[in-house]
Every structure is written in C-alpha cells, then in structure tokens.
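None of these values were measured; they are calculated from a predicted model. Residues take their numbers from the sequence shown, with the count starting at 1.
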Amino acid sequence: MKKTFGNIYVIIVMLFLYLPIITLIVLSFNEAKSMAVFTGFSLKWYAELFQSRLLMYAVINTFSIAIIASVISTIIGTCAVVGLDAMRPKTQNALLAANNIPMLNADIVTGISLMLFFLLLKVPQGYCTILFAHITFSIPYVVLSVRPRMNKNTDSLYAAALDLGASKAYAFRKVVLPELKPGILSGFLLAFTMSVDDFIITYFTRGAGINTISTIIYSQVKIGIRPSLFALSTLIFVIAFVALLIVNIKGDKEEVVLDL
C-alpha cells in the first residue's frame with residue numbers, strides 16, 4: 001500500500017514538473033497562434049524563429065555572454081581557491097563568508113548596485129556591462145564548487161611532487177589541476193546555467209538596444225508572446241536533454257569498464 005502511494009506521489013510530482021514543458025512543446029508545433037486551440041501540426045514557428053533577426057541576436061548575445069562569462073569566472077574562481085588555500089584559516093573563513101554574500105543577496109539588489117556602479121563611472125551600458133555583471137555574480141558559485149576539491153590530500157600530493165623534483169608550475173599543472181578538474185567543470189556548468197537563466201541583473205545592466213532571451217520574453221509578455229519563443233524554448237530543452245543523456249550514458253559505460 002505504501003509502495004503504491006509512493007509511486008502515485010512520484011507520478012504526480014513528475015507531471016507537475018514536466019506537464020508545462022510538454023504543453024510548451026506541443027504549442028510550438030501548433031499551426032495557430034492561439035494557445036487555447038490546437039488547429040494542426042506546423043513547423044512555421046520554427047521557420048519564423050530562424051528568420052527573426054531580433055530573436056537570433058538575442059540567442060547569440062545570451063550564449064556568447066554565458067560562455068565568455070563562464071570561462072573568465074571559472075579561471076578567476078579557480079585562482080581564488082588556490083590563493084585561499086595558502087592563507088591562514090581565519091582569513092580564509094572571512095573571505096569565504098564574503099564570497100557567500102552575493103549568493104545570498106537578492107538579485108534585484110545586485111542588479112541595481114551594478115547599474116549605479118556603471119552610472120557612477122559613466123560607463124555606457126550594453127554588451128560589456130552585462131558581461132561584467134555576469135562574471136561578477138558567477139565567481140562565487142565557481143569558488144563554492146572548486147573549494148571542496150582543494151583538501152589536505154591535494155596539498156600532500158603537491159608537496160610530494162615538489163619533493164620528487166618537479167617544478168611548482170609542473171606540479172600545479174600535473175597534480176593540482178587534475179584534482180580540481182571535477183570542481184572546475186561543475187563550477188563552469190553552474191556559472192553557464194546561472195548566466196543563461198538570469199533576467200533581473202541583465203535587465204538593470206543591459207542598456208538600450210541589446211537583448212537576451214530573458215529580456216525578449218519579458219518585453220513580449222506585454223504585447224503577447226509569439227509561438228516562435230515556444231519553438232526556441234523547445235530547442236533549448238531538447239539540446240539540454242540530449243546533452244544530459246549523452247553524459248549519463250558515457251558515465252554508465254565508464255563505470256562498466258571500471259567494474260570489468
């Protein structure tokens with residue numbers, strides 16, 4: 001009885017999570033613009049998506065900013081973790097506490113603060129200000145992901161490499177970086193996800209004439225969202241889903257090989 005109830009509960013939760021996404025996917029193939037009636041199967045909204053310069057520029061801006069911000073924030077965050085490891089425990093704790101503030105802070109506070117900062121310096125708001133803002137709020141997440149990988153075992157391996165005659169640069173490249181690699185990858189993916197998903201900070205730092213996917217959706221809500229945005233959302237979901245499947249299948253194959 002408990003098992004049956006548990007299965008029903010899981011099904012309800014899954015429906016609650018994925019039914020809106022399934023609805024969006026179905027509507028992206030709806031011939032009519034109406035979200036209330038499905039009049040027939042059509043790919044015209046996908047064609048409109050690729051023909052719309054406004055949407056294509058928003059997609060390019062979103063993912064180019066996300067990739068650049070993720071790479072830069074990952075490099076800075078990794079260097080920060082290495083630097084923190086060489087500090088005293090009290091200093092580490094103080095800096096890690098300061099690192100957690102942007103993550104606990106409301107996005108609107110961060111967005112307005114950065115906007116005022118750019119206005120104070122008289123920096124024209126646009127692509128570069130969005131990129132700077134995304135790097136700023138992504139670094140703490142990278143530090144949080146990489147920091148647990150820098151442990152006593154890493155320090156011991158680094159010291160052993162130096163004792164065996166390796167240079168500091170060689171020991172760092174061959175010993176420390178491989179140890180930090182899972183955390184670096186996790187930090188990069190987290191920073192990329194946060195950047196693509198962000199709206200509030202982008203809205204306050206973007207200025208006029210530049211849009212991302214989130215700001216395009218916000219602007220179209222006032223006049224009515226076109227189904228071409230449903231098509232864009234469907235493509236993003238499918239790409240993410242396929243990437244997740246590939247990663248899981250690859251991980252399962254590696255586990256099988258290790259077991260053998």
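Once rounded to the nearest 0.5 Å, the distance linking CG of N93 with CZ of R88 reads 13.5 Å.
The backbone N or O of L95 lies less than 3.5 Å from no partner atom in the side chain of N99, so there is not a single donor-acceptor pair. Panel note: side chain S186, backbone P182; a donor-acceptor pair is recorded below 3.5 Å.
We find that R226 and E48 are joined by a salt bridge, their nearest charged nitrogen and carboxylate oxygen being less than 4.0 Å apart.
Using a 4.5 Å heavy-atom cutoff, the side chains of V143 and T78 are not in contact. Between F199 and D107, every side-chain heavy-atom pair lies at or beyond the 4.5 Å cut-off. For the pair M103/M194, no side-chain contact is recorded, criterion being any heavy-atom separation below 4.5 Å from C-beta on.
In this pair, F188 and F192 present their aromatic rings parallel. The plane angle is below 30°, not in the 30 to 60° band. Relative orientation of the H134 and F137 rings is tilted, given thresholds of 30° and 60° on the angle between their planes.
Hydrophobic clustering (ILVMFWY, side-chain heavy atoms < 4.5 Å, transitive): L84 and L177 are in one cluster. Hydrophobic clustering of Ile, Leu, Val, Met, Phe, Trp and Tyr side chains at less than 4.5 Å, counting indirect connections, keeps W45 apart from F237. Clustering ILVMFWY residues whenever any of their side-chain heavy atoms sit less than 4.5 angstrom apart, transitively, puts I135 in the very cluster that holds V81. Criterion: ILVMFWY side-chain heavy atoms under 4.5 Å apart, direct or through other members. Under it, L17 and I236 are part of a common hydrophobic cluster.
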How far apart are the C-alpha atoms of T129 and M115, what are their side-chain angles, what is the distance that settles it, and do they pass the side-chain contact (heavy atoms from CB on, under 4.5 Å) test? CA-CA 9 Å; T129 54; M115 180 188 68; over 6 Å; no

Does the pair Y141 and S73 meet the rule for a side-chain hydrogen bond (donor to acceptor under 3.5 Å, both in side chains), with working shown? CA-CA 9 Å; Y141 292 97; S73 61; over 6 Å; no

One pair to check against side-chain contact (heavy atoms from CB on, under 4.5 Å): I68 and L131. What are the steps and the verdict? CA-CA 8 Å; I68 297 172; L131 179 60; 3.7 Å; yes

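If you check the side chains of D197 and T193, you find no donor sitting under 3.5 Å from an acceptor. S64 and Y127 form a side-chain donor-acceptor contact under 3.5 Å, judged by distance and modelled atom types alone.
Among F230, F41, F29, the one residue that satisfies the ring-ring contact (aromatic ring centres under 6.0 Å, His included) test with Y46 is F29.
Counting heavy-atom neighbours within 6.0 Å of K44 NZ, excluding the residue itself, gives a total above 12.
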